[in-house]
Amino acid sequence: MNHTEKNNSEMKPVSESVARRWLGYFGATFIFLIAVCMGLIVWADPFFHYHAPNPKFYYRMDGGERYLNDGIARNFTYDAIVTGSSMTENFKTTDVDRIFSVHAVKLPFSGASFKEINDNLKTALDTHPEVKLVIRGLDYTMLLDAPDLMRTDLGSYPGYLYDRNIWNDTRYVLNKDVLCNYTLPMLFDRIGGRKGGHKSFDEYAAWYEQYREKFGAGYVLAGHTHSNAPASETPKDADNKTALEQGSFSWLTAEEQENIRRNIEENVTSLAAEHPETEFAYFYTPYSSAFWADLNDAASIPKMLEAEELATQLILEEPNIRLYSFNNCAFTDDLANYHDALHYGPWINTRILEAIKKEEYRLTEENVAEYLREERIHRLTFDYASLR
């Protein structure tokens, strides 16, 4: 063997050893960094998946309701809840606490189905059996939904945050977005001296400040007007006063009636039956007359009223649910209270709370028939052409 061959044979094992050593260092460093990142996410826990807010950090609570509400329901301390769709986002828990002498959290789900809201309520009550009061908005637009509907059309659903499967938690603790956009800003806030805490539930998910200058007919109607003539033919007796008062014509199919029945029983009343010690105050979210004008244009008012009547009958059968409706209130005809056909300002949210406390606009077995009669007349005879 010549000198060159000897040197090559001696150097080869040394080079392989160094490579293996550096590969080991790299692997160990990589694993260490991954562990650090996972530890930071678990420590700060920006979506409250593992624990209540860490007092060392400030929680901006801007990750989206579907990412935050399960953790809030499980890990915060409270004895009252206010929940529903975007129609409940402007509620202030300071109002709830003041009016009802409770300590409340707000758990709104923008655009959510009854099932999504009810599933979150079930989590809240299973983990907090001491809850005294649940205030929940019920949207007309969801009465006819399938009972198992989940709004996947609003984006991917973070099921890994809702189940108790630790193995799919990797989608949380190994999530670059969670680390970079939520956890690290919290860490930088702490390093910068920001005091620990979290966004108030008055502000959480509230949209009013963003649109406070965009209320009134100009925004609600968006430049279009309504007529009083429905777009399609109504039953021949629709103009008859007796028919208006008695609601003697039927618009719901048997399938739609069964759908409403299942939706209400599975996603509204069943939870109250399971928790008789809790008081449930539910209310139909008061849409504006512009919403009813759209229904009038489509000749759908009688069908919606019939859906409400069936749902109301089912809800009133549950003794620990108090049901309220504000659809005969004058404020629904005043478009100054609305940002669009559905969404009202926070002063209406406060008014709803005060009315619930005073037992105003409550529906009971004794007054529901009269309420439905008055509502039917109001909605079928309202001058929708006057909305400008």
Side-chain angles (χ1 to χ4, degrees), residues 65 81-96 98-100 104 106-114 117 134-143 200-224 226 281-296 301 304-305 308 311 322-358 360-363 371 374-375 378-379 382-384 386-388:
E65 296 157 354
I81 302 165
V82 58
T83 188
S85 69
S86 55
M87 260 53 71
T88 65
E89 289 177 325
N90 286 326
F91 275 115
K92 296 179 179 179
T93 55
T94 52
D95 281 345
V96 179
R98 170 180 57 83
I99 293 171
F100 297 96
K106 185 170 66 176
L107 298 171
F109 286 87
S110 179
S113 65
F114 280 179
I117 295 166
V134 174
I135 299 172
R136 175 180 176 181
L138 301 173
D139 285 71
Y140 280 112
T141 53
M142 300 172 192
L143 291 176
S200 76
F201 282 106
D202 285 3
E203 300 173 289
Y204 173 52
W207 50 263
Y208 172 67
E209 289 300 325
Q210 182 180 356
Y211 298 103
R212 64 181 304 150
E213 303 300 327
K214 298 181 179 180
F215 274 68
Y219 293 98
V220 174
L221 299 175
H224 70 274
H226 298 279
Y282 289 170
F283 66 95
Y284 291 120
T285 53
Y287 297 160
S288 77
S289 288
F291 165 80
W292 294 95
D294 289 336
L295 292 185
N296 185 66
I301 289 180
M304 183 60 72
L305 292 174
E308 177 195 9
R322 290 186 287 128
L323 180 62
Y324 299 81
S325 180
F326 305 92
N327 289 316
N328 289 341
C329 292
F331 71 73
T332 62
D333 298 332
D334 183 357
L335 300 187
N337 291 314
Y338 291 83
H339 164 64
D340 56 32
L342 307 182
H343 295 86
Y344 39 82
W347 54 92
I348 301 299
N349 295 84
T350 301
R351 183 170 179 177
I352 288 170
L353 294 176
E354 292 171 344
I356 289 174
K357 178 62 176 180
K358 297 175 183 177
E360 296 174 342
Y361 306 105
R362 181 181 175 184
L363 302 183
Y371 159 79
E374 291 177 356
E375 182 187 37
H378 182 198
R379 292 308 172 192
F382 185 79
D383 182 12
Y384 295 107
S386 68
L387 294 173
R388 294 288 188 273

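Source: prediction; values computed, not measured.
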So CG of L363 and CG of L323: to nearest 0.5 Å the spacing works out to 4.5 Å
Residues G111 and M142: closest non-hydrogen pair is C-CE, 4.3 Å
Considering only heavy atoms from C-beta outward, does the side chain of R379 approach that of E375 to under 4.5 Å? yes
Under 3.5 Å, is there a donor-acceptor pair between the side chain of S289 and the main chain of W292? no
Just so I know, are the side chains of P346 and F91 near enough to count as touching, which here means a heavy-atom distance under 4.5 Å? no
If only atom types and distance count, is the side chain of Y282 paired as donor or acceptor with the main-chain N or O of Y324 below 3.5 Å? no
Side chains of E89 and E65: does their closest heavy-atom pair fall under 4.5 Å? yes
Drop me the distance from L335's CG to D340's CG, to the nearest 0.5 angstrom. 10.5 Å
Could you state the interatomic distance from CG (N90) to CD1 (I348), rounded to the nearest 0.5 Å? 11.0 Å
Under a plain distance cut-off of 3.5 Å, with no hydrogens placed, do S325 and N327 share a side-chain donor-acceptor pair? yes
Verify the ring-centre separation between Y208 and F215: is it less than 6.0 angstrom? yes
Between S288 and A341 (side chain of the first, backbone of the second, donor and acceptor by atom type, cut-off under 3.5 Å), is there such a pair? yes
Do R351 side-chain atoms and F331 backbone N/O form a donor-acceptor pair below 3.5 Å? no
For N349 versus G345, what's the shortest heavy-atom pair and its separation? OD1-O, 3.2 Å
Mind checking whether Y140 and Y284 have ring centres under 6.0 Å apart? yes
Checking K106 side chain against V82 main chain: does a donor-acceptor pair fall under 3.5 Å? no
Verify whether one side chain among D333 and H378 offers a donor that lies under 3.5 Å from an acceptor in the other. yes
Using the test side-chain hydrogen bond (donor to acceptor under 3.5 Å, both in side chains), find all partners of D95 that sit at least two apart in sequence or belong to another chain. R98, T350
For a side chain to side chain contact (heavy atoms under 4.5 Å, CB included) check, start with the C-alpha distance between F100 and I135, then their side-chain angles and the critical distance, and finish with the verdict. CA-CA 11 Å; F100 297 96; I135 299 172; 3.8 Å; yes
OG1 of T285 to CE of M87: how many Å apart, nearest 0.5 Å? 5.0 Å
Separation of I81 CD1 from L107 CG (nearest 0.5 Å): 6.0 Å
Looking at NE2 of H226 and CG of L221, how far apart are the two atoms once the value is rounded to the nearest 0.5 Å? 5.5 Å
Can you list the steps and then say if F291 with V220 is a side chain to side chain contact (heavy atoms under 4.5 Å, CB included)? CA-CA 9 Å; F291 165 80; V220 174; over 6 Å; no
What is the minimum heavy-atom distance between P108 and S85, and which atoms define it? CB-O, 4.1 Å
Got a donor-acceptor contact below 3.5 angstrom from the D139 side chain to the T141 backbone? no
Are R136 and F114 in a cation-pi contact, defined as NZ or CZ under 6.0 Å from the six-membered ring centre and within 45° of the axis? yes
Within the 4.5 Å heavy-atom criterion, are P286 and Y338 side-chain neighbours or not? yes
For residues Y287 and T332, determine if any side-chain heavy atom of one lies less than 4.5 Å from a side-chain heavy atom of the other. no
Would you check if the distance from the ring center of F326 to the ring center of Y361 is below 6.0 Å? yes
Evaluate the side-chain proximity of T88 to T83: yes if any heavy-atom separation is below 4.5 Å, no if none is. no
How are the rings of W207 and H339 set relative to one another: parallel (under 30°), tilted (30 to 60°) or perpendicular (over 60°)? tilted
Can you confirm whether the side chains of N337 and W347 place a donor and an acceptor under 3.5 Å from each other? yes
Non-hydrogen atoms of I117 and A112 that approach each other most closely: CG1-CB, 3.9 Å
